[in-house]
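Here is the structure we will look at, set down as structure tokens.
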Protein chains: 2
Amino acid sequence: MTVAARRGRSPEGRAEVRRDLVAAAVELFLVRGYEDTTVDDIAAAAGVGRRTFFRYFRSKEDAISPDHEAALARIAEVFETAHPTEPTATLVLRAGETVFDIYADDPRLSVERYRLTHEVPVLRDRESASVDHYRRLFTRYLRRRFASDPDGDLRAAVIGAAVVAAHNLALRAWLGAGAPEDGMEACRGRFRRVAGMLPGEPAGGDGLHAVTQRLEQAVVRLERNTPPAP
Amino acid sequence: MTVAARRGRSPEGRAEVRRDLVAAAVELFLVRGYEDTTVDDIAAAAGVGRRTFFRYFRSKEDAISPDHEAALARIAEVFETAHPTEPTATLVLRAGETVFDIYADDPRLSVERYRLTHEVPVLRDRESASVDHYRRLFTRYLRRRFASDPDGDLRAAVIGAAVVAAHNLALRAWLGAGAPEDGMEACRGRFRRVAGMLPGEPAGGDGLHAVTQRLEQAVVRLERNTPPAP
DNA sequence: TTGTCCAGTGGCACGCAGTGCCGTTACGCT
DNA sequence: AGCGTAACGGCACTGCGTGCCACTGGACAA
């Protein structure tokens with residue numbers, strides 16, 4: 001196919017082919033079903049050869065969530081560039097919000113992807129694995145932060161899992177409602193409420209830790225625009 | 001193969017073939033590597049035809065974790081048969097411990113499975129999906145319990161994810177150490193510590209809720225054999 | 001302009017996972 | 001003894017994913 005060859009010549013052309021393939025895949029998966037759509041179908045719909053599809057995506061499933069690793073890298077960057085004195089609560093909140101930005105970038109596509117990953121078992125399991133990559137990332141950085149805490153590993157595991165779970169709850173509620181533009185703030189707010197549920201200072205914690213915890217709580221309360229508990 | 005046919009005739013024969021297939025699969029995966037082992041190899045090593053393998057397992061990966069659904073069912077039973085007044089903390093702890101029992105049933109096999117799911121990317125992702133099934137199960141029952149709480153969904157998501165994460169942390173530490181028989185109690189104890197990190201009563205909680213919370217804390221403290229915080 | 005390089009493409013063939021189908025076998029039941 | 005049936009093995013087929021190779025058309029130098 002000459003057209004595809006010319007498109008793929010330049011970097012913009014490559015991005016265009018990639019978009020076409022994603023669009024064709026999502027379209028066909030929704031209309032015809034995931035199992036009943038072959039890679040040949042997707043490639044043909046995008047006007048490229050079957051072999052070219054696998055030059056853009058590692059697998060058939062990859063056409064649905066192709067930017068997973070980029071998102072992971074962005075979150076890792078948030079953690080790595082964070083100031084050491086930044087409270088843990090605000091840090092994990094910031095990291096989580098990064099993902100919101102990515103999804104909000106193309107709401108229509110996000111909703112379609114959500115529906116597919118929600119309904120097709122294979123894609124749902126793959127999504128679970130992706131989410132677990134986020135969880136591991138969170139936990140890894142938290143464990144580093146809690147190195148001095150005797151229960152640090154446990155706290156890191158619990159907080160990491162809790163944050164990711166809350167994030168998914170908020171995100172999926174938003175996506176399930178069709179990703180309305182005016183619903184993004186509610187989504188972010190819902191996610192931030194997780195900070196109030198994170199475990200407090202460890203049993204053998206020192207004074208500094210306690211102060212940090214109170215600071216975190218105060219910051220979170222400010223962000224939620226809610227008065228302190230009576 | 002006449003031998004296999006005769007073995008498979010009776011229920012005990014079926015169980016035997018199944019065990020042989022699992023053993024052959026684990027053995028070959030560890031020795032030759034997962035990717036370099038074909039289903040033909042596994043079937044041949046177990047003395048059955050390739051077609052028969054797929055009558056016992058849905059897929060090649062299934063030979064590693066074939067009892068996943070049974071475990072899910074056992075946990076669901078714990079939740080369904082629980083008394084409504086049982087504190088949430090003890091309930092999720094009991095449910096989690098059920099899984100320990102399953103793994104402790106055949107420690108050698110559990111360790112080999114752990115190594116494989118730890119090292120082979122495909123199997124690790126599949127394991128993530130399995131763990132997420134547990135998380136969903138926990139969350140589903142917790143959400144029912146927290147129906148009266150305005151933040152019930154969030155609390156259910158957070159507690160469910162936290163409990164499962166803590167469970168995995170304890171379990172994998174035990175498996176990583178070679179699943180020593182005298183290490184199971186430490187594993188269970190480590191898991192139980194998660195109860196101390198679970199979010200307390202909701203902001204708008206009522207008195208009953210507060211009392212329940214204190215009860216839960218007391219029970220957990222008793223189980224951990226540790227005195228109340230000074 | 002002409003020749004050379006090369007990144008990207010499409011086609012072909014292959015291995016392997018998973019499935020439907022069918023003939024065969026051996027056990028249980030009457 | 002004869003029959004029903006459950007489990008088996010083999011065969012053929014679809015589809016995913018990969019290695020290989022020839023081709024194409026743009027970029028660049030002479």
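So that the names make sense, note that chain A is the first sequence line, chain B the second, and so on, each numbered from 1.
For A/Lys60 and C/dG18, the NZ to C1' distance is 13 Å, given to the nearest whole Å. For B/Phe53 and D/dG10, the CZ to P distance is 16 Å, given to the nearest whole Å. Remark: C1' of C/dC14 and CZ of A/Arg50 are 11 Å apart, rounded to the nearest angstrom. Residue B/Phe57 contributes atom CZ, which lies 15 Å from atom P of D/dA7 at whole-angstrom precision. Between the P atom of C/dA17 and the CD atom of B/Glu35 lies a distance of 9 Å, rounded to the nearest Å. For the pair A/Tyr56 OH and D/dC16 C1', the computed distance is 20 Å after rounding to whole Å. The distance from atom CD of A/Glu16 to atom P of C/dT9 is 12 Å, rounded to the nearest whole Å. If you measure from atom CG of B/Asp36 to atom C1' of C/dA17, you get 15 Å, rounded to the nearest angstrom.
Between B/Arg55 and A/Arg58, the residue anchored nearer the 5' end of DNA chain D, judged by the nucleotide with its closest heavy atom, is B/Arg55.
In terms of phosphate contacts, B/Tyr34 brings no side-chain nitrogen or oxygen within less than 4.0 Å of OP1 or OP2 of C/dA17. A/Arg51 has no side-chain polar atom (N or O) that falls below the 4.0 Å cut-off from OP1 or OP2 of D/dG19.
One distance of note links CZ of A/Phe100 with CZ of A/Phe191; it measures 5.5 Å at 0.5 Å rounding.
The pair B/Arg113-B/Asp67 meets the salt-bridge criterion, with a side-chain N (NZ, NE, NH1 or NH2) lying under 4.0 Å from an Asp/Glu carboxylate O.
Using modelled atom types, one finds a donor on one side chain and an acceptor on the other under 3.5 Å when comparing B/Thr38 with B/Asp41.
A cation-pi contact, defined as under 6.0 Å to the ring centre and within 45° of the axis, links A/Arg14 to A/Tyr56.
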